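The next block holds one structure in the form of structure tokens; read it before the comments.
Not measured: the values here are computed from a predicted model. Below, each value reflects all heavy atoms present in this structure, side chains not excepted, and no hydrogens, waters or symmetry copies.
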Amino acid sequence: MKYNRKKILPVIALVISTIGVGSAIFFVKISEVNATSTLMLRMFIAGGIAYTLGFGKISNELIEPKRSTKKILTLLILSGIASTIDLLSNHWAVSFTSMANTAVLMNLSPFFVAFLSYIFFKERLNTYQTLSLIICITGASILVFSKNEEINFSNSSLIGDLLALNSALFYAIYFLLIRELRGHISTRKIIVWHSFTCGLLLFPISLVSNSPIFPSTFNGWITIALLAFISQLLGHGLMTYALKYVDVVLASISTLAKPIVAIILGYLVFDEKLLPLQWFGVFIILSGIGWYRRSSSSK
């Protein structure tokens with residue numbers, strides 16, 4: 001049996017990317033510095049490695065821009081801003097809530113992708129896709145509020161859950177911007193621009209914080225380096241590569257596996273366990289996403 005390499009490689013890239021992105025909250029949880037400094041260092045290290053080693057040169061393609069340089073530059077900057085908000089919300093979310101909650105709520109990003117695709121690109125949802133969106137919102141509500149006997153917006157866990165939802169929204173915005181960019185410039189250029197843009201935006205925020213900016217031990221630096229390589233270069237880098245070859249909905253649906261990575265790590269390392277009602281919320285969300293995937297493939 002012959003395999004089409006051009007079709008298989010992007011799928012493999014999506015799988016590795018999902019594992020890389022899903023493991024990010026684990027490294028943030030064990031980092032010696034706060035979420036903002038962790039994210040800033042992650043970006044500068046990843047950007048430096050990508051620039052130096054030429055990460056992302058999976059092919060020797062030279063993509064001729066079909067848009068003006070000014071428009072491409074604008075998209076690059078906007079994608080960096082959107083990603084900064086996404087990752088900052090992501091990194092701080094795990095400071096207030098569990099890894100499992102953070103990952104499952106961020107898994108709503110495919111539905112934000114679908115909604116924004118309709119608003120900006122007139123890509124319409126069918127009836128089953130709309131119903132699956134409602135199912136996922138229901139599951140997210142159960143997951144968020146099952147730990148709270150009453151709705152209390154001062155509760156730190158609820159703040160973390162809302163930050164995770166915000167991360168899902170801006171990840172979807174970043175996703176669509178990268179889809180537009182991927183047809184015009186290479187993966188390596190996107191990763192370098194994205195990493196350094198995020199790092200520069202976060203640098204002044206880190207300076208005004210009252211927490212240390214740099215890790216104080218060798219293990220602390222190893223944690224940041226692993227975060228940069230696994231979550232940024234492999235996670236976001238391979239996702240950027242795949243977006244040129246696979247449908248954006250299929251790519252966003254690959255985030256389905258992120259909660260599995262986070263839940264396994266949270267259980268093994270931090271002994272984080274979900275309540276039965278929370279497991280029910282997780283089941284509803286994942287069922288809704290699965291239904292969305294089936295309805296998309298049947299169009």
Side-chain angles (χ1 to χ4, degrees), residues 10 13 17 21 36 39-52 54-91 106 109-124 165-207 228 231-233 235-252 255:
S17 168
V21 174
T36 304
L39 179 55
M40 179 199 67
L41 294 172
R42 160 186 170 172
M43 291 303 176
F44 279 129
I45 292 174
I49 294 174
Y51 183 81
T52 303
F55 183 90
K57 288 186 176 179
I58 300 173
S59 65
N60 293 322
E61 60 190 21
L62 291 175
I63 303 174
E64 293 294 333
K66 299 177 182 178
R67 294 190 175 190
S68 68
T69 303
K70 183 178 179 180
K71 288 183 178 179
I72 291 177
L73 182 60
T74 300
L75 287 174
L76 281 169
I77 294 173
L78 288 176
S79 67
I81 294 173
S83 183
T84 300
I85 298 174
D86 155 40
L87 293 171
L88 197 58
S89 298
N90 176 354
H91 283 47
M106 288 192 306
S109 57
F111 299 93
F112 286 117
V113 169
F115 177 73
L116 294 175
S117 294
Y118 171 73
I119 296 297
F120 295 104
F121 304 106
K122 304 305 178 184
E123 298 174 359
R124 302 179 68 89
L165 283 173
N166 189 63
S167 175
L169 171 61
F170 279 91
Y171 182 70
I173 296 172
Y174 164 76
F175 217 85
L176 293 174
L177 290 170
I178 293 299
R179 181 183 71 167
E180 290 296 301
L181 282 168
R182 192 60 185 96
H184 305 291
I185 60 177
S186 68
T187 300
R188 177 177 177 268
K189 289 182 179 179
I190 293 174
I191 289 299
V192 171
W193 268 89
H194 165 239
S195 298
F196 283 123
T197 299
C198 291
L200 290 172
L201 288 172
L202 291 165
F203 182 65
I205 301 176
S206 298
L207 286 179
S231 300
Q232 186 64 19
L233 294 179
H236 287 273
L238 290 177
M239 178 65 75
T240 300
Y241 160 73
L243 277 174
K244 184 184 178 183
Y245 304 101
V246 301
D247 180 78
V248 67
V249 175
L250 173 61
S252 64
T255 58

Q: Give the minimum heavy-atom separation between Asn166 and Ser89, together with the two atoms involved.
A: ND2-OG, 2.8 Å
(Q) Please verify the inter-ring angle class for Phe44 with Phe196; under 30° counts as parallel, over 60° as perpendicular, anything in between as tilted. (A) tilted
Q: Check Ser206 against Thr36 and note the closest heavy-atom contact, atom names and distance.
A: OG-CG2, 3.4 Å
Q. Which atom names give the shortest non-hydrogen contact between Ile191 and Gly237, and what distance separates them?
A. CD1-CA, 3.5 Å
Q: Tell me, with the steps shown, if Ile81 and Leu201 meet side-chain contact (heavy atoms from CB on, under 4.5 Å).
A: CA-CA 8 Å; Ile81 294 173; Leu201 288 172; 3.9 Å; yes
(Q) Please report the interatomic distance CG(Leu75) to CG(Leu181), rounded to the nearest 0.5 Å. (A) 5.0 Å
Q: Would you sort out whether Leu88 and Leu202 count as a side-chain contact (heavy atoms from CB on, under 4.5 Å), showing the intermediate values?
A: CA-CA 9 Å; Leu88 197 58; Leu202 291 165; 3.7 Å; yes
Q.
Restricting to non-hydrogen atoms, name the atom on Val192 and the atom on Gly47 that form the minimum distance, rounded to 0.1 Å.
A. CG2-O, 4.4 Å
Q | Donor-acceptor contact below 3.5 Å, side chain Ser83 vs main chain Ser79 | A | no
**Q.** Heavy-atom donor-acceptor pair, Ser17 side chain to His236 backbone, under 3.5 Å
**A.** no
Q: Output the distance between atom CD1 (Ile77) and atom CD1 (Ile72), rounded to the nearest 0.5 Å.
A: 12.5 Å
Q.
Measuring from atom NE2 of His194 to atom CG of Leu177, what distance do you get when rounded to the nearest 0.5 angstrom?
A. 10.5 Å
Q: Supply the atom-to-atom distance Thr197 OG1 to Met43 CE, rounded to the nearest 0.5 angstrom.
A: 10.0 Å
(Q) Quick one, Leu39 and Arg42 - any side-chain contact, counting heavy atoms below 4.5 Å? (A) yes
Q: Please report the closest heavy-atom contact between Tyr51 and Arg188, naming both atoms and the distance.
A: O-NH2, 2.9 Å
**Q.** Charged tip of Arg179 within 45° of Tyr174 ring normal and under 6.0 Å
**A.** no
Q) Can you tell me how far the CD1 atom of Ile178 sits from the OH atom of Tyr171, to the nearest 0.5 Å? A) 9.5 Å
Q: Compare every heavy atom of Leu233 with every heavy atom of Ala46, then report the nearest pair and how far apart it is.
A: O-CD2, 3.5 Å
Q. Which distance, rounded to the nearest 0.5 Å, do you find between the CD of Gln232 and the CD1 of Ile45?
A. 11.0 Å
Q.
Within the 4.5 Å heavy-atom criterion, are Ile85 and Ile173 side-chain neighbours or not?
A. no
